[in-house]
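Since the structure is predicted, the reported quantities are computational estimates derived from the model, not experimental observations. Numbers restart at 1 for each chain; the letters A, B, ... are given by sequence-line order, proteins then strands.
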Amino acid sequence: MRALILLALVPLLMWLTQSALLWRAGRPLRLRISSTDLPERLKRINRIITKALFAAVLLVYPLLRGESPAVFYPPFLPLGPPMLNLVYGGAAVVLYLGLLYLAWTLTDNVRFEIRHGPAHLAWRLAGVPLTALFIALAEELLFRAVLLNELLESFDARLALPIGILVFAAAHYVRAVKRYWTFPGHLALGALFCIAFYCTRTLWLPLGLHAGGVLVLMAARPLIRYTGPPWLVGASIFPYAGLVGLLALGLLTLNVWLQFNRSI
Amino acid sequence: MSELATPVAVVCDPHHPAADAVRGYVAARGLAAARWYPLRDIDDVERAILASRVRRVVFASPQDLLTAAWNRTINPTHWSPPGVQIDFADSPPAAANLDVRDALACWQLWDRARRRRQAIAGVILSVVVLAAAFLLLLP
């Protein structure tokens, strides 16, 4: 339960940090975790502290287990043949998303539309691969290596997996967001990554799936406009939240299950 | 009967909700000899206008003409030659000069239908490509 407790502490500490910054800025405190109304300088501090909290969880958790981080994490990223799962995961996601975008472009539910100057666009796109890898690695370490791994050690998979999926999805809504109807999409995404980890017990496959997805979505964002209905194409950075996206995630999860096959 | 027989064309489907109103309009103006075209053959009417075989066209409403333009079934510039009269059975005589709000309302109706068709096509094609991706990734 150490992982769950540590992760539960994060939103609490985020709220305390936010409250301190609001008080410092002379603004009224609020219950929701949201950085609106904060001056830009304090928003930046808030962001740094939030990232530091997650990094702290990654550092503290192995110590609570009596292991150093340098000993705890490497087994989740073993060198050798398992590394190929990173490529499989990335390629599978690119295949699904690429075909979906093609289908939506052909039916004018998504339009190709460059919205930035060439220099700005190049700058944005250049940063995408590393950003995708960093985001995916941080989340996989946190939600699979730390949380799901401990849940699987403590409980039967039939309980561990749903908890892992739910916590992953809920973590994306701790901070106030523009839309909440995308929650089923995050549940489906969590299911994909958790099943991938469960089947392989390493991070390579979920990392490939996760990084591949973030890569495609971030690369597409400055180049396309979603013109179709949200129930079909999801919303902006969440194309997997629409009905078709949910179906795609379900099928990909089934692909992963059949390919790496492990019985629950 | 030759396509050249009459200079008046009525563009209206026989089962259009306003078909009776169009028949009444045509009869009241002594245009009984007008040739009727279904909406899907509006491009035939355009060819007839360009060949100066048709000098007057009657529509049920501006929606029908504008929809054809937005669907790129016709070229709007071909419908403006001098001497060609366009009537809308549901509107007063001067209605060829459409209010912008009327045009926007027409566009909204057209866009709603277009989006519906695109969404249906999007769902069908999405299911096809997802099935393809799933099958490609089967072990």
When you compare the side chains of N109(A) and Q118(B), does any donor N or O come within less than 3.5 Å of an acceptor on the partner?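 No pair is found: no donor N or O on one side chain lies under 3.5 Å from an acceptor on the other.
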Mark yes when over 12 heavy atoms from residues, nucleotides or ligands other than [X] sit less than 6.0 Å from its [atom1]; otherwise mark no.
| X | atom1 | result |
| --- | --- | --- |
| W123(A) | CH2 | no |
| F134(A) | CZ | no |
| I114(A) | CD1 | no |
| L130(A) | CG | no |
| R40(B) | CZ | no |

Grab the two heavy atoms, one from N255(A) and one from A133(B), that are nearest each other, plus how far apart they are.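 Smallest interatomic distance, heavy atoms only, reads OD1-O, 4.3 Å.
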Return the minimal non-hydrogen interatomic distance between F134(B) and Y96(A), and the atom names on each side.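 Looking at all heavy atoms of both residues, the shortest contact is CA-OH, 3.3 Å.
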Structural part of L243(A) lying under 4.5 Å from a heavy atom of chain B: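 Nothing of L243(A), per the 4.5 Å heavy-atom cut-off to chain B.
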Please look at L232(A) and chain B and tell me whether the side chain, the backbone, both or neither of the residue comes under 4.5 angstrom of a heavy atom of that chain.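 The side chain, not the backbone.
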Please classify the contact of R114(B) with chain A as side chain, backbone, both or neither, using a heavy-atom distance under 4.5 Å.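 The answer is the side chain of R114(B).
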Check each atom of L136(B) against the heavy atoms of chain A and say whether the ones under 4.5 Å are side chain, backbone, both or neither.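 The side chain, not the backbone.
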If you measure from CG on L137(B) to CG on L251(A), what distance do you get to the nearest 0.5 Å? 10.0 Å
Highest number of heavy-atom pairs under 4.5 Å with chain B: which of V110(A), V244(A), V256(A), D108(A)? D108(A)
A131(B), A121(B), G122(B), A132(B): which one forms the most heavy-atom pairs within less than 4.5 Å of chain A? G122(B)
I need the residue from L130(B), I120(B), V123(B), L138(B) with the largest number of non-hydrogen atom pairs under 4.5 Å to chain A. L130(B)
Tested for side-chain contact (heavy atoms from CB on, under 4.5 Å) against V129(B), the lone hit among L95(A), L106(A), L100(A) is L100(A)
